[in-house]
Peer 1: 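Can you read through this structure? Questions will come right after.
Order of the sequence lines fixes the chain letters, A, B, ..., with proteins taken first and strands second; residue numbering starts at 1 for each chain. Just so you know, these numbers use all the heavy atoms, side chains as well, and skip hydrogens, waters and symmetry mates.
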There are 2 protein chains.
Amino acid sequence: MHTPDLDHLDLAILSCLQEDARTIAETIGTKVGLSAAAVQRRIKRLRESGVIEREVAVLSPRALGLTMTFVVLVEMERENLAMLDAFRRQVLAEDNVQQCYYVTGTADFVLVVTAEDMAGFETFTRRMFFENPNVRHFTTSVVMDRVKVGLTLPLSGGA
Amino acid sequence: MHTPDLDHLDLAILSCLQEDARTIAETIGTKVGLSAAAVQRRIKRLRESGVIEREVAVLSPRALGLTMTFVVLVEMERENLAMLDAFRRQVLAEDNVQQCYYVTGTADFVLVVTAEDMAGFETFTRRMFFENPNVRHFTTSVVMDRVKVGLTLPLSGGA
DNA sequence: TATGAAATTGAAGCAAA
DNA sequence: TTTGCTTCAATTTCATA
């Protein structure tokens, strides 16, 4: 899992795949100047070495009726490891939580939460925050626009 | 692109694919009780109707030398449309910005930013905030742990 | 109209040069 | 690394409910 050295061909391949994971090896090969087989072998290595963590389908929140997104800053009561770990587990189990970061600063956690509507979000806050004695305080921001939502990472040699 | 009705089989299929887009139709079929062909047909429809927006490779930031992640809350000087739009465009063009949300509340924008190191982040802040007269204030939180990073949406009928 | 079974196309995986 | 062969999965066809 330690950093393998990636040449510019690897980066070009990754750039294709993080755009569209279904791009076939031959197409990539044409772009980067490599045979399909060579591309496949490189992709296999990139998967095995963990550079490609996984391949996922990105779903449309709107099509699924998840119209609302929130950013929530959470402050915990007292930071002890057991408590933080419990919160982590809770977050992982909660379907509404799309993302969670443990951060430095005033807040302890930053959450990105989706919900069907306000009512759905309120149910979530009750379950997640009000009923949790370890949560001291939380502030909610309603997302008006998802200006940029991506897992796309900047690749130095990006095609 | 308008919301098609999704039955519980569709939701089960989506649940598989947003976990692992490479799951083969036969495996999904066994899980949900459908033939491989039927699963494929449904997947095709889900793609065409835009419920599945795209399929992407999720890359490891660490493996790519992007060791640091930040959450930045940005307050703008005065909210006028032209200015907000300019900031939006800047965000979209910035490779370091992985995500950006326009939100209600004290902050105007919430950014998730990746950088190689602190120096890289500082260069970014100079370019993005200090040199931008429209940015009144910003607060940075360093991400210590990416507890949950996903685009995984909660599916009511989730398998 | 959507399904399952069988046949076809196509891409990925593998071996040998 | 490429070439060609094999295997496996996606797609199409077709009969059926």
Peer 1: Of the options A/Val142, A/Asp145, A/Val147, A/Val112, which is the one that meets B/Tyr101 in a side chain to side chain contact (heavy atoms under 4.5 Å, CB included)?
Peer 2: A/Val112
Peer 1: Would you give me the side-chain donor-acceptor pairs under 3.5 Å for residues 21-32 of chain A, sequence neighbours excluded?
Peer 2:
from    : atom 1 : to      : atom 2 : distance (Å)
A/Thr23 : OG1    : A/Asp20 : O      : 2.6
A/Thr30 : OG1    : A/Glu26 : O      : 2.9

Peer 1: Distance-only check: which donor-acceptor pairs under 3.5 Å involve side-chain atoms of residues 34-42 of chain B, not counting sequence neighbours?
Peer 2:
from    : atom 1 : to      : atom 2 : distance (Å)
B/Ser35 : OG     : B/Ala38 : N      : 3.2
B/Arg42 : NH1    : B/Asp7  : OD1    : 3.0
B/Arg42 : NH1    : B/Asp7  : OD2    : 3.2
B/Arg42 : NH1    : B/Asp10 : OD1    : 3.0
B/Arg42 : NH1    : B/Asp10 : OD2    : 3.4
B/Arg42 : NH2    : B/Asp7  : OD2    : 3.2

Peer 1: If you look at every strand shown and take non-hydrogen atoms under 4.0 Å, does B/Arg45 touch a base, only sugar-phosphate, or nothing?
Peer 2: nothing
Peer 1: Out of the candidates B/Gln90, B/Met76, B/Arg78, only one should pair with B/Asn134 under the side chain to side chain contact (heavy atoms under 4.5 Å, CB included) rule; please name it.
Peer 2: B/Met76
Peer 1: Mind calculating the distance between CG (B/Leu9) and P (C/dA2) to the nearest angstrom?
Peer 2: 13 Å
Peer 1: Which part of the nucleic acid, if any, lies within contact of A/Ser35, taking any heavy atom under 4.0 Å across all strands shown: a base, the sugar-phosphate backbone alone, or nothing?
Peer 2: sugar-phosphate
Peer 1: Taking heavy atoms of chain A and a 4.0 Å limit, find me the 5'-most and 3'-most nucleotide of DNA chain D within that range.
Peer 2: D/dT1 to D/dT3
Peer 1: Tell me: CG of B/Leu34 to P of C/dA2, nearest whole Å?
Peer 2: 12 Å
Peer 1: Going 5' to 3' along nucleotides 10-17 of chain C, which nucleotides have protein heavy atoms under 4.0 Å from the base (write B), which only from the sugar-phosphate (write S), and which from neither (write -)?
Peer 2: -SBSS---
Peer 1: Between A/Lys148, A/Arg146, A/Gln99, which is the residue that forms a side-chain hydrogen bond (donor to acceptor under 3.5 Å, both in side chains) with B/Gln99?
Peer 2: A/Gln99
Peer 1: With sequence neighbours excluded, tell me which residues meet ring pair (Phe, Tyr, Trp, His ring centres under 6.0 Å) with A/Phe129.
Peer 2: A/Phe124, A/Phe138
Peer 1: Would a 4.5 Å heavy-atom cut-off, applied to side chains only, mark B/Arg45 and B/Val51 as touching?
Peer 2: no
Peer 1: Name all residues meeting the ring pair (Phe, Tyr, Trp, His ring centres under 6.0 Å) criterion together with A/Phe109; count only those two or more places apart in sequence or in a different chain, and write none if there are none.
Peer 2: A/Phe87, A/Tyr102
